[in-house]
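Below is one structure, written out as structure tokens; the observations come after it.
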Amino acid sequence: MTVYQLQKDLGEEIEQILKDMILKDVKGNPAKVKSYPQNLPKRLQKIQEFTEETEEVDIMGGEEGEEDPYPYCIIRADSGNIATTQGAQAVNVVAVIGIFDDDVNCLGHQVILNMLHKIAERFTMDPVLKDRYRLNCNTNINWILDPEDRYPYYFGAMEMTWDTFFVGREDKYA
């Protein structure tokens, strides 16, 4: 399995794990977590080009009033190693979570902690993902909260190592 496929599969699983958590987007509307592999997509910005007659021509798409993609989970492939004798690959993945919570009680960190707990609970109870990947039992699940006050935005991250099969060794004499 490829690392990119692991990112996609893990992102889908995290969306499923967190599907019952109704959060808010930056406009205050109810929203569910959406996952992205490696990075958030760049926001499409409306770029205007002026012709000689100074009339505006839209040369690049972009939704009017398009906002930041909160809540989100980025599945970032951090590093990996391949055990050539076993044909297995260990992939270090960091799941970065970002939410918007403009409640004046500043409890967004509690929401992030609950999200991290749900994800860790799922994979400690069943370390297999889609019958293709296995959470590495020799490493820990590590998590961290953003120590900065970025109200109304809150961030947390979780690091996991996944074992994925790479390729089998060829035996020319078999």
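- Glu15 has its side chain within reach of Lys34: a pair of non-hydrogen atoms, C-beta onward, lies under 4.5 Å apart.
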Step by step, work out the side-chain contact (heavy atoms from CB on, under 4.5 Å) result for Asn29 and Lys27.
-> CA-CA 6 Å; Asn29 299 320; Lys27 292 182 179 179; 3.7 Å; yes

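- Counted by atom type alone, Asn142 and Asn140 present zero donor-acceptor pairs between their side chains at under 3.5 Å.
- When all heavy atoms are compared, the tightest approach of Met115 to Leu18 is CE-CD1, 3.6 Å.
- Under the 4.5 Å side-chain heavy-atom criterion for ILVMFWY residues, a single connected hydrophobic cluster contains both Val111 and Val104.
- Within a 6.0 Å sphere centred on CD1 of Ile22, heavy atoms belonging to other residues, nucleotides or ligands number more than 12.
- The heavy-atom pair separating Gln7 from Ala77 by the smallest distance is NE2-N, 3.3 Å.
- Both the sub-6.0 Å distance and the 45° axial angle are not jointly satisfied by Lys130 relative to the ring of Tyr133.
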side-chain contact (heavy atoms from CB on, under 4.5 Å) between Arg122 and Gln16: does it pass, once the steps are laid out?
-> CA-CA 11 Å; Arg122 153 53 178 103; Gln16 183 66 26; over 6 Å; no

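- Put simply, the side chain of Pro152 does not reach to within 4.5 Å of the side chain of Asp101, judged on heavy atoms.
- In this structure, NZ on Lys8 lies 8.5 Å from OG1 on Thr2, to the nearest 0.5 angstrom.
- Taken to the nearest 0.5 Å, the CG atom of Leu40 stands 7.5 Å off from the OH atom of Tyr70.
- Considering every non-hydrogen atom in both Gly156 and Ile112, the closest pair reads CA-CG2, 3.8 Å.
- The distance from atom SG of Cys73 to atom CD1 of Ile97, rounded to the nearest 0.5 Å, is 5.0 Å.
- Closest heavy-atom contact between Leu107 and Tyr154: N-OH, 4.1 Å.
- Taking the six-membered ring for Trp and thresholds of 30 and 60 degrees, Tyr36 and Tyr72 have ring planes more than 60 degrees apart, a perpendicular arrangement.
- For the residue pair Gln89/Thr164, the side-chain donor-acceptor check at 3.5 Å is not satisfied.
- Using a 3.5 Å distance cut-off with no hydrogens or angles, the side chains of Asn114 and Gln110 do not pair a donor with an acceptor.
- Proximity of Phe123 to Ile17: side-chain heavy atoms (C-beta onward) are separated by under 4.5 Å at one or more points.
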Should Val94 and Met158 be marked as a side-chain contact (heavy atoms from CB on, under 4.5 Å) after you check the CA-CA gap, both sets of side-chain angles, and the distance that decides it?
-> CA-CA 6 Å; Val94 178; Met158 177 173 282; over 6 Å; no

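- Taking the side chain as every heavy atom from C-beta outward, Ile99 and Val33 never approach each other to under 4.5 Å.
- Considering only heavy atoms from C-beta on, Leu10 comes within 4.5 Å of Val93 through its side chain.
- Counting only residues at least two apart or in different chains, ring-ring contact (aromatic ring centres under 6.0 Å, His included) contacts with residues 95-120 comprise Phe100-Tyr153.
- Residues Leu116 and Ile141 form no side-chain contact, since every pair of their non-hydrogen atoms from C-beta on lies 4.5 Å or further apart.
- More than 12 heavy atoms of other shown residues, nucleotides or ligands fall within 6.0 angstrom of atom OH in Tyr151.
- The heavy-atom pair separating Asp103 from Lys24 by the smallest distance is N-NZ, 4.4 Å.
- Here the CD1-CD1 distance, from Ile14 to Ile74, works out to 11.5 Å after rounding to the nearest 0.5 Å.
- Within the 4.5 Å cutoff, the side chain of Trp162 has no heavy atoms near those of the Asn92 side chain.
- Within the 4.5 Å cutoff, the side chain of Arg134 has no heavy atoms near those of the Leu129 side chain.
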Show your reasoning for whether side-chain contact (heavy atoms from CB on, under 4.5 Å) applies to Val96 and Arg76.
-> CA-CA 8 Å; Val96 180; Arg76 187 167 290 143; 3.9 Å; yes

